[in-house]
Amino acid sequence: MAELLYFGRLTDVTGTGGEEVSLPSDVNDTSALRQWLEIERGWHGTLTDPSVRIAINDEIVPDPSEIANGDRIAFLPPVGGG
Amino acid sequence: MAELLYFGRLTDVTGTGGEEVSLPSDVNDTSALRQWLEIERGWHGTLTDPSVRIAINDEIVPDPSEIANGDRIAFLPPVGGG
Amino acid sequence: MFALLETPLLPSEALATFETRLNGAGGVVSFVGYVRPEAHGSDVTGLSLQAYSPLTETGIERAITEAETRWPLKAVSVLHRIGDMAPGDPIVFVATASAHRRPSFEAADFLMDYLKTDAVFWKKELTEKGARWIEPRAEDYQDRSRWDAQTGEPRKAPTHVRNQ
Amino acid sequence: MFALLETPLLPSEALATFETRLNGAGGVVSFVGYVRPEAHGSDVTGLSLQAYSPLTETGIERAITEAETRWPLKAVSVLHRIGDMAPGDPIVFVATASAHRRPSFEAADFLMDYLKTDAVFWKKELTEKGARWIEPRAEDYQDRSRWDAQTGEPRKAPTHVRNQ
């Protein structure tokens, strides 16, 4: 199982801040994960939007980066505080 | 009589923050006043230094500006606070 | 020092605390950001700030280290709210101390530009007309890019991108 | 608002007071300048600040008006000490409030540059080796001239020069 986390405006679409999923064997990098979730969930391109970055185990990574069951994978829309 | 005021480092030379003087009839502008005080007092060019500005009756003026008995004439070395 | 606060931030107390550790500094600049009371003609009823630990913390700590590398600072403080706030509530307090004023001004400005565009927070503004996620404005990204131009380096990727 | 103070300046109280009149501002920048503890390798024992009323007051009030003309400010505060101070004592508190942070940063920076080079004060620093009058540094005049370059106008004469 991989842990998926959704932040900010993404939760308006996902309806949850996080979930556990079992990654299919051919979903082994971040690009494949974005595509797989898009097809599976029909989230209208929310996660394939390139402004949404991905962090694996608390480190932001570029696409495509390798993923595996056991990873904590966070989807991060544009950030900003202050 | 005119009132002369000295500020900042000038008081180290003048020994006073202010004095009353009777202006001679030919000392009728700020440039003449600087020269007259220089000769009279021997203040080693302290008041003829162009970085020392003059205010007449609380307004800074360029040289030469007219002066007369009754004026409050202030000598202002370079300013700065903060 | 740096802290994420779930409880109200009191800028005047934060400044008083900061003053106890000036290390002989001659100039202190502080910035305080507040929840705005009005947005696009609607009254704002609240602001909700979400962080993602530990990315939020490590990112801000790296920005503070970068500021300390760029400027001769004697002290830095960043306090940032998370959770739910009301209009007028302080969101962020940044203070910088240096021997002279220019490094303090520049470092505080730099840190705020970082916080506005790169710090890992998501902001949801609640108004009488509904909720809206706030993302950095074009000006915020422009302000942030001033610090890249200054070093002559191209725009850096976020500092927490993992090298591949 | 603006005041010359003969008694100790308390920055945290000044900030708390300033916060009561933000008029919906989103960003506040404050600067505090302190008596430095050390100068040219000698311990500083005190600082004495002399003003010349009403020139000092009218000059600062004009600088505040100029800041309010240049930037969309919601509030401004300038508190400046006069008289005798000890090392570490606050000398000046400047605060600016605006809807966004950039006008607040710039206006506070502008006001400090004015205060450092054009405000009518004389500063005498007392050290263990003797007393010394402090005049603006070359950097202070350079910093001040940034604001002239921005408007494309030549360096202005001090604003209180009488027209002839």
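Chain letters run A, B, ... following the sequence lines, proteins first and then strands; every chain starts at 1. What you see is a predicted model; the values in this text were computed from it and never measured.
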Undergrad: Which distance, rounded to the nearest 0.5 Å, do you find between the OH of C:Y52 and the CD1 of A:I60?
TA: 9.0 Å

Undergrad: Measure across C:P136 and A:G80 and return the closest heavy-atom pair with its distance rounded to 0.1 Å.
TA: CG-CA, 4.2 Å

Undergrad: Kindly give the heavy-atom pair with the smallest separation between C:E135 and A:P78, and that separation in Å.
TA: OE1-CG, 3.5 Å

Undergrad: Just how far is it from atom OG1 of C:T58 to atom CG of A:D58, taken to the nearest 0.5 Å?
TA: 8.0 Å

Undergrad: What I'd like to find out is whether the side chain of A:V79 reaches to under 4.5 Å of the side chain of C:T117, using heavy atoms alone.
TA: no

Undergrad: Minimum heavy-atom separation for A:D12 and C:K124, please, with both atom names.
TA: OD1-NZ, 4.0 Å

Undergrad: What I'd like to find out is whether the side chain of C:W133 reaches to under 4.5 Å of the side chain of A:T11, using heavy atoms alone.
TA: yes

Undergrad: Could you name the residues of residues 89-102 of chain C that have a heavy atom within less than 4.5 Å of a heavy atom in chain A?
TA: C:I91, C:V92

Undergrad: What part of C:K116 gets closer than 4.5 Å to chain A, counting heavy atoms only: side chain, backbone, both or neither?
TA: both

Undergrad: Which bit of A:S51 is near chain C, if near means a heavy-atom gap under 4.5 Å: side chain, backbone, both or neither?
TA: neither

Undergrad: In terms of heavy-atom proximity below 4.5 Å to chain C, should A:L76 be classed as side chain, backbone, both, or neither?
TA: both

Undergrad: Quick one: side chains of residues 6-16 of chain C, donor-acceptor pairs under 3.5 Å with protein atoms, not counting sequence neighbours, listed by atom name and distance.
TA:
none

Undergrad: Has C:W122 got a side-chain atom pairing as donor or acceptor with A:R9's backbone, closer than 3.5 angstrom?
TA: no

Undergrad: Looking at C:A119, C:S53, C:A131, which has the largest count of heavy-atom pairs under 4.5 Å with chain A?
TA: C:A119

Undergrad: Checking C:A51 against chain A: side chain, backbone, both or neither under 4.5 Å from a heavy atom?
TA: backbone

Undergrad: Quick check: does any side chain N or O of C:H80 sit under 3.5 Å from a backbone N or O of A:G81, one acting as donor and the other as acceptor?
TA: no

